[in-house]
Amino acid sequence: MEPNATALLSPEHLALMEGGVSVIVSSCDANLVPSVMRAVGSQVGAQGRRVTVYLCRSQSAQLLRDVARSGRLAVVFSQPSSHRTVQLKTRHARLREARDDDAPVLRRYLKGMEHELTLIGFGPVYARAMLAHNLDDVVAIEFEPEQAFDQTPGPKAGRALGVRN
């Protein structure tokens with residue numbers, strides 16, 4: 001990524017994505033048949049210019065094949081308590097195995113989801129069950145967002161955010 005590239009995301013969007021949010025990841029095959037899976041974690045770096053989402057390999061075989069084949073990826077970050085939602089897209093996603101240094105990222109994500117789901121009446125046990133994983137089964141998908149959209153329900157849903165140089 002060029003160091004002077006304009007950020008797609010505002011500080012408010014970054015704060016949303018770095019908090020306790022639900023992360024849904026999708027791609028499609030050569031016939032545009034979609035594949036969708038809930039992430040077990042995410043990390044936003046470089047002021048939103050670098051994003052990593054984490055999936056369980058055992059639950060995400062088709063999606064991982066689709067990303068490996070095409071690099072196409074859409075990721076939705078949605079805050080359960082407010083429904084504030086941001087969608088990112090790229091055509092250049094890369095897969096890698098999860099590493100030991102990803103474990104703290106996954107724990108932080110889980111803590112954020114435990115907090116957020118507690119706000120809407122679900123206890124921490126629900127978040128732990130929903131996001132359960134073994135690190136050796138986790139695959140990281142890294143990407144630089146090429147497009148971003150406000151997907152919060154309401155009159156601005158679908159509005160493009162920012163522009164990359």
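As the structure is a computational prediction, the values presented were derived from the model and not from experiment.
Between the OG1 atom of Thr52 and the CZ atom of Arg94 there is a distance of 8.5 Å, given to the nearest 0.5 Å. The CD atom of Gln79 sits 9.0 Å away from atom OG1 of Thr85, with the distance rounded to the nearest 0.5 Å.
When all heavy atoms of Leu55 and Ala39 are compared, the pair lying nearest together is CD2-CA, 3.7 Å. Pairing each heavy atom of Pro145 with each of Leu8, the nearest pair is O-CD1, 3.4 Å. Across all non-hydrogen atoms, the minimal contact from Thr152 to Ala157 is O-CB, 3.3 Å.
Residue Asp150 is tested with Arg84, Gln87, Lys156 for a side-chain contact (heavy atoms from CB on, under 4.5 Å); the sole match is Lys156.
Cluster annotation: Leu63 is not connected to Val138 through the hydrophobic network of ILVMFWY side chains, with a link wherever side-chain heavy atoms come within less than 4.5 Å. Linking Ile, Leu, Val, Met, Phe, Trp and Tyr whenever their side-chain heavy atoms come within less than 4.5 Å leaves Leu106 and Val53 in two separate clusters. The hydrophobic cluster containing Phe77 also contains Leu14, counting ILVMFWY residues as joined when their side-chain heavy atoms lie under 4.5 angstrom apart, directly or transitively. Cluster annotation: Met17 is connected to Leu161 through the hydrophobic network of ILVMFWY side chains, with a link wherever side-chain heavy atoms come within less than 4.5 Å. One hydrophobic cluster, built from ILVMFWY side chains closer than 4.5 Å, holds both Phe122 and Met130.
Judged by distance alone, with hydrogens and angles left aside, the side-chain atoms of Asp137 form a donor-acceptor pair with the main-chain N or O of Ser58 at under 3.5 Å. Distance alone, capped at 3.5 Å, places no donor-acceptor pair between the Glu116 side chain and the Gly19 backbone. A donor-acceptor pair is defined here as one N or O able to donate and one able to accept, closer than 3.5 Å; no such pair exists between the side chain of His83 and the backbone of Ser81. Here the side chain of Ser10 pairs a donor or acceptor atom with the backbone of His13 at under 3.5 angstrom.
The pair Arg96-Asp102 counts as a salt bridge, with a side-chain nitrogen and a carboxylate oxygen less than 4.0 angstrom apart. Using a 4.0 Å cut-off between charged nitrogen and carboxylate oxygen, Lys89 and Glu146 do not count as a salt-bridge pair. A salt bridge links Arg57 to Glu97: one of the charged nitrogens lies within less than 4.0 Å of a carboxylate oxygen.
The side-chain heavy atoms of Tyr54 and Val105, taken from C-beta on, include a pair separated by under 4.5 Å. In this structure the side chain of Tyr109 never reaches within 4.5 angstrom of the side chain of Val40, judged on heavy atoms. Counting heavy atoms from C-beta on, the side chains of Ser26 and Pro34 never come closer than 4.5 Å. Side chains of Val75 and Ile24 form no contact here, defined as non-hydrogen atoms less than 4.5 Å apart. The shortest distance between side-chain heavy atoms of Arg69 and Arg72 does not fall below 4.5 Å. The closest side-chain heavy-atom distance from Leu119 to His115 is below 4.5 Å. Between Cys28 and Ser35, every side-chain heavy-atom pair lies at or beyond the 4.5 Å cut-off. Residues Leu88 and Val76 fail the side-chain proximity criterion, which asks for heavy atoms closer than 4.5 Å.
Not a single side-chain hydrogen bond (donor to acceptor under 3.5 Å, both in side chains) links Asp29 to another residue, sequence neighbours left out.
Heavy atoms of other residues, nucleotides or ligands lying less than 6.0 angstrom from CG of Asp101 number more than 12. For Arg91, the CZ atom sits in a loose shell: 12 or fewer heavy atoms of surrounding residues, nucleotides or ligands are nearer than 6.0 Å.
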